[in-house]
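Read through the structure below, which is laid out as structure tokens, and then see the notes.
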Amino acid sequence: MAAAPGRAGERTRLTVSTAPTATLLSETAAGRLDLAVIRHPAVLPGLGSGAVVLVPTWRLTPAPTTAEAAAVDTRRLPVAVRPREEAPAAYDLFVDTLASRGRRVETVVVPDERAGLALVAAGQAVLVTADAGLSAEGVDRTPSTDPPLPLRLRVVWDTRRPDAEGMASTARLLADALARQAGR
């Protein structure tokens, strides 16, 4: 995705930073970042934004090891999630979507998806991930379709910048690259 502007002929140098959505939004609004890819929905404080890109996800659950384990209802396990303060609106939408299935949703906060994967492998949680390569022995992987739980992403930039039109163009290139990658 980061190579998309260069492939399109833009003479843009990208530096990639990883941070929670809340941090990316405040850094972009403060002018310390030109643009950011964030989780949607989010409150956009005076920022321009591109289209929302839906990235498919997988549900990782403990693999049954015995007939007795196969009878364990993984719907009763907590869902491993990142801290709510990283992307409050996206977190709330995710939990509300899970709850729409008519059950109470219990969560366990993890610092990253690898920690969530460890809990799944230990039989202590389930995890929803957009990482196509995240897997471990003892973990089953199924598409998140009931209910659909896509990762929602969008590119944002500061519309007050003198080069805001150029940022919007670069944002479209990044969103297109995200959409192509999500379609795989």
Considering non-hydrogen atoms only, spot the tightest contact between A80 and G116 and give its length.
CB-CA, 4.0 Å

Donor-acceptor pair, S169 side chain versus E165 backbone, under 3.5 Å?
no

V55 versus A130, closest heavy-atom pair with distance:
CG1-CB, 4.0 Å

V126 reachable from L98 in the ILVMFWY side-chain graph, under 4.5 Å edges
yes

Donor-acceptor contact present, side-chain D163 to main-chain G166, <3.5 Å:
no

Would you say the side-chain atoms of R152 pair up with the backbone N or O of R39, donor to acceptor, closer than 3.5 Å?
no

Would you say V108 ends up clustered with V81 if hydrophobic residues are merged whenever their side chains have heavy atoms under 4.5 Å apart, either directly or through other cluster members?
no

Reported CD-to-CG distance for the pair Q181 and D176, which is rounded to 0.5 angstrom
13.0 Å

Ignoring hydrogens, what is the shortest heavy-atom contact between A42 and T21? Give both atom names and the distance.
CB-CG2, 4.2 Å

Would you say that L117 contacts E113 through its side chain, given a criterion of any heavy-atom pair below 4.5 Å between the two side chains?
no

With the 4.5 Å side-chain cut-off for hydrophobic clustering, are V110 and V95 part of the same group?
no

As a quick check of understanding, evaluate side-chain contact (heavy atoms from CB on, under 4.5 Å) for V156 and L25, giving each step before the final call.
CA-CA 8 Å; V156 298; L25 287 169; 4.1 Å; yes

Is V53 reachable from V155 through a run of hydrophobic residues whose side-chain heavy atoms are each under 4.5 Å from the next?
yes

To the nearest 0.5 Å, atom OG1 of T28 lies from atom CZ of R161 at 9.5 Å

Considering non-hydrogen atoms only, spot the tightest contact between P41 and A89 and give its length.
O-CB, 3.3 Å

Is there a side-chain contact (heavy atoms from CB on, under 4.5 Å) between T142 and W58? Walk through the geometry before answering.
CA-CA 5 Å; T142 56; W58 292 267; over 6 Å; no

T129 side chain reached by S144 side chain, heavy atoms, under 4.5 Å:
no

Please determine whether side-chain contact (heavy atoms from CB on, under 4.5 Å) holds for the pair L35 and L174, giving the CA-CA distance in whole Å, both sets of side-chain angles, and the decisive distance to 0.1 Å.
CA-CA 10 Å; L35 50 81; L174 292 174; 3.4 Å; yes

Can D112 and R114 be said to form a salt bridge (charged side-chain N to carboxylate O under 4.0 Å, His left out), step by step?
CA-CA 6 Å; D112 56 44; R114 295 261 178 229; over 6 Å; no

Only one of V128, T107, L151, V105 forms a side-chain contact (heavy atoms from CB on, under 4.5 Å) with F94, so which one is it?
V128

So, T159 side chain and L47 main chain: donor-acceptor pair closer than 3.5 Å or not?
no

I'd like to know if W157 and V37 are part of one continuous hydrophobic network [Ile/Leu/Val/Met/Phe/Trp/Tyr, side-chain heavy atoms within less than 4.5 Å].
yes

Heavy-atom check, side chain of T97 versus side chain of P148, under 4.5 Å
no

State, with a plain yes or no, whether a side-chain heavy atom of E106 is found less than 4.5 Å away from one of V79.
no

In short, G46 meets D158 closest at the heavy-atom pair O-OD1, 4.3 Å

OG1-CG distance between T23 and L33, expressed to the nearest 0.5 angstrom
10.0 Å

Could you check R59 against D146 for salt bridge (charged side-chain N to carboxylate O under 4.0 Å, His left out), going step by step and ending with a plain yes or no?
CA-CA 10 Å; R59 187 170 185 260; D146 187 24; over 6 Å; no

Measure the CG-CG distance between L60 and L119 for me, rounded to the nearest 0.5 Å.
12.0 Å

Here the gap from R154 atom CZ to I38 atom CD1, rounded to the nearest 0.5 Å, amounts to 7.0 Å

Spatial distance of atom OG1 (T18) from atom CG (L24) [nearest 0.5 Å]
8.0 Å

